[in-house]
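Input: a single structure, listed below in structure tokens.
Computed from a prediction, not measured in an experiment: that's the story for all the values here. For the numbers below, each heavy atom of this structure counts, side chains included, while hydrogens, waters and symmetry mates do not. The sequence lines fix the lettering, A, B, ..., with proteins before strands; numbering per chain opens at 1.
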Amino acid sequence: MQVQAPKGTEDVTPLQSWRWQLVEAAQREICARYGYREVRTPVFEHTELFLRGVGDTTDVVQKEMYTFEDKGGRSVTLKPEGTAGVVRMLLESRLYAEPMPIKTYYSNCPVFRYEKPQSGRLREHHQFGVEAFGAPLPTVDAEQISLAWELLHGLGLRDLALHINSIGCPTCRPVYHQRLRDFLASKLDALCDTCKDRYERNPMRILDCKSPACQAQLVGAPSVLDCLCEDCQNHFDALQQALGALNVPFSIDPGIVRGLDYYTKTVFEIIGQFPVGKLTLCGGGRYDGLVEQLGGPALSGVGFGMGTERVLLALAQQDIAQAEPALVELFLCTQNEAARMPGLALVKALRDAGVHADMDHVGRSMKAQFKFADKCGARLVAVLGEEELSGGTVTLRDMQTREETKLSLDGAAAEVARRLGKA
RNA sequence: GUGGGUGUAGUUCAGCGGUUAGAGCGUCAGAUUGUGGCUCUGAAUGUCGUGGGUUCGAUUCCCACCAUCCACCCCA
């Protein structure tokens, strides 16, 4: 084997694609019910969009972007997250002139981060995500969380935990930053090197540090939640009420600090514990300053991203059975050479009638054709042989009941469609 | 970027310093006359990751490289 997929990428083979399709169908269905419309944005954008949007102090921007120069000397980047592109589209298409709110989603959106792959982590993965613009009320935060919660549970997942937090806004966050710095000032030497760096630039990220040394220093640290301004506090209170109204259980976790700089107020994650370990399936929050920061009007935003590979991994980890659709509903067995062309015409007539039909293209024996039909999950098998050809008929076998009936060749397609409930 | 594990058939894995490297699953073909799922029989497929070293001899031992998996960091 010489050629292989680049590190950290995965193919979706014909043996697996149905699993993706089931998840994507669920995403589309729930978005339709919640009033979110699909958007599609380019796989790559100008690098500057992410520098300004995601924030140039974040790990994602600093060390994980797939950035390169195109032949015209422009710096472009494969999208490392979904939101910035949607905001750019909103501005470029002047969608903000439409009635608010604008509720959008993307499904199967490729996302690229240059990292070392491991379980549940790839260099290219795919996200489902929603974004709502021009909706400042916390009800929309709650609606999105509910959408994600319902989607995951609708797929059959269980034992998930919703963690919410508020990280304040430009009014109150600096107050908290200062309080946190004051608290940590005397403990600075004990922090890990990256956290020493974070101390000045973005002290909240220290809360997210997994180093035991740092965690030990954080005991008794002030919480953001004690520093929220009145507006943020009211928003957070109302969010909790809304989640209560929607029957979505949650826990408040001041340790939830998102890795992207644009978040304000609400942040949340949906986490599951699996045999492979803890997986964040979904993460998001509110980003009220982002649209303006990218040169647009002051427009609020809320959104989340959900990793499809992780959802599929979670489904596999919890042994959740998904019904694989049969490859064909009817398989046509041809007994001999003479039956092949009439058979091809019959299969076409069946397909025209909406039946998922196929026939032998390999030249196998009747027995092998039946075996193959069985592997394809065919409910019906049609047989075309000498006997049928001479009488202008086709034999139809129900693979479950083993009953066989003879149909006229002319009316066969319509009759099969009727039996399969398609007519 | 740092650390650990693993590389043998399509796949999951055995194996051993010494003739023609194995098994389950899968694939294909058969078990009389045009008919599947179960069972039985048979067949095909491997530069034993790559390069070097030790050795009379390496798939087996050592080293390097590459790939892959996992952990940390970070995140979906």
In whole Å, I'd like the distance from the [atom1] atom of [X] to the [atom2] atom of [N].
X        : N     : atom1 : atom2 : value
A/Phe128 : B/C75 : CZ    : P     : 22 Å
A/Tyr114 : B/C75 : OH    : C1'   : 17 Å
A/Glu387 : B/U35 : CD    : C1'   : 13 Å
A/Glu309 : B/C75 : CD    : P     : 18 Å
A/Tyr262 : B/C75 : OH    : C1'   : 12 Å
A/Lys371 : B/G37 : NZ    : P     : 5 Å
A/Ile256 : B/C75 : CD1   : P     : 11 Å
A/Leu15  : B/G26 : CG    : P     : 14 Å

A/Tyr287 versus A/Glu131, side-chain donor and acceptor atoms under 3.5 Å: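 Yes, because at least one side-chain N or O of A/Glu131 sits under 3.5 Å from a partner of the opposite role on A/Tyr287.
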
Residues A/Glu38 and A/Ser107: side-chain donor-acceptor under 3.5 angstrom: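 No pair is found: no donor N or O on one side chain lies under 3.5 Å from an acceptor on the other.
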
Measuring only the [atom1] atom in each nucleotide, how far is [N] from [M]? A whole number of Å is fine.
N     : M     : atom1 : value
B/U39 : B/G26 : P     : 9 Å
B/U59 : B/G3  : C1'   : 28 Å
B/G5  : B/G46 : P     : 32 Å
B/U2  : B/A44 : P     : 48 Å
B/G7  : B/G51 : C1'   : 15 Å
B/C69 : B/C62 : C1'   : 24 Å
B/A43 : B/U6  : C1'   : 32 Å
B/C38 : B/C25 : P     : 11 Å

Distance test, side-chain N/O of [X] to OP1/OP2 of [N], below 4.0 Å:
X        : N     : answer
A/Lys367 : B/G30 : no
A/Arg364 : B/C28 : yes
A/Gln118 : B/C69 : no

Minimum-distance nucleotide to [X] side chain [options: [options]]:
X        : options             : value
A/Lys116 : B/A71, B/U27, B/G36 : B/A71
A/Phe370 : B/C74, B/A76, B/G36 : B/G36
A/Arg402 : B/A76, B/C74, B/G36 : B/G36

Pick base, sugar-phosphate or nothing for [X], based on heavy-atom distances below 4.0 Å to the nucleic acid.
X        : answer
A/Val276 : sugar-phosphate
A/Met306 : nothing
A/Leu279 : nothing
A/Cys333 : nothing
A/Glu388 : base
A/Gly277 : nothing
A/Gly385 : nothing

Residue whose closest nucleotide on RNA chain B lies nearer the 5' end, A/Glu10 versus A/Arg123: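 Taking each residue's closest nucleotide, the earlier one in sequence belongs to A/Glu10.
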
For A/Lys7 and A/Thr58, take the nucleotide of RNA chain B holding the closest heavy atom to each; which residue's nucleotide lies nearer the 5' end?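 The answer here is A/Lys7.
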
For A/Glu403, look at atom CD and say whether over 12 heavy atoms of other residues, nucleotides or ligands are found less than 6.0 Å away.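 Result for CD/A/Glu403: open.
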
Give the dot-bracket line for RNA chain B from 5' end to 3' end: parentheses for intra-strand Watson-Crick or G-U pairs under 3.5 Å, square brackets for crossings, | for inter-strand pairing, dots for unpaired. (((((((..((((....[...)))).(((((.......))))).....(((((..]....))))))))))))....

Check whether the side chain of A/Glu404 and the base of B/U35 form a donor-acceptor pair under 3.5 Å.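 Under the 3.5 Å cut-off, the side chain and the base do form a donor-acceptor pair.
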
Distance-only donor-acceptor test, A/Asp374 side-chain atoms vs B/G36 base atoms, 3.5 Å: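 Result: at least one qualifying N/O pair found.
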
Is the Lys NZ or Arg CZ of A/Arg123 less than 6.0 Å from the centre of A/Tyr114's six-membered ring, within 45° of the axis?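 Judged by the rule, A/Arg123 and A/Tyr114 form a cation-pi pair.
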
Is there a side-chain contact between A/Glu143 and A/Val130 in this structure, where contact means two heavy atoms from C-beta onward sitting under 4.5 Å apart?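 Heavy-atom side-chain distance check fails, nothing below 4.5 Å.
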
Search all heavy atoms of A/Gln369 against all heavy atoms of A/Arg364 and return the closest pair with its distance.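 Looking at all heavy atoms of both residues, the closest pair is NE2-O, 3.0 Å.
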
Between A/Glu404 and A/Arg397, does any NZ, NE, NH1 or NH2 come within less than 4.0 Å of an OD or OE carboxylate oxygen?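 Salt bridge flag = yes for A/Glu404 with A/Arg397.
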
NZ/NE/NH1/NH2 to OD/OE distance under 4.0 Å, A/Arg33 and A/Glu29: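 Answer for the salt bridge query: yes.
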
Parallel, tilted or perpendicular: which fits the ring planes of A/Trp20 and A/His126, with parallel below 30° and perpendicular above 60°?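 Perpendicular: the ring planes of A/Trp20 and A/His126 meet at over 60°.
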
Taking the inter-plane angle between the rings of A/Phe331 and A/Phe372 on a 0 to 90° scale, is it parallel (under 30°), tilted (30 to 60°) or perpendicular (over 60°)?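 Answer is perpendicular, since the angle exceeds 60°.
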
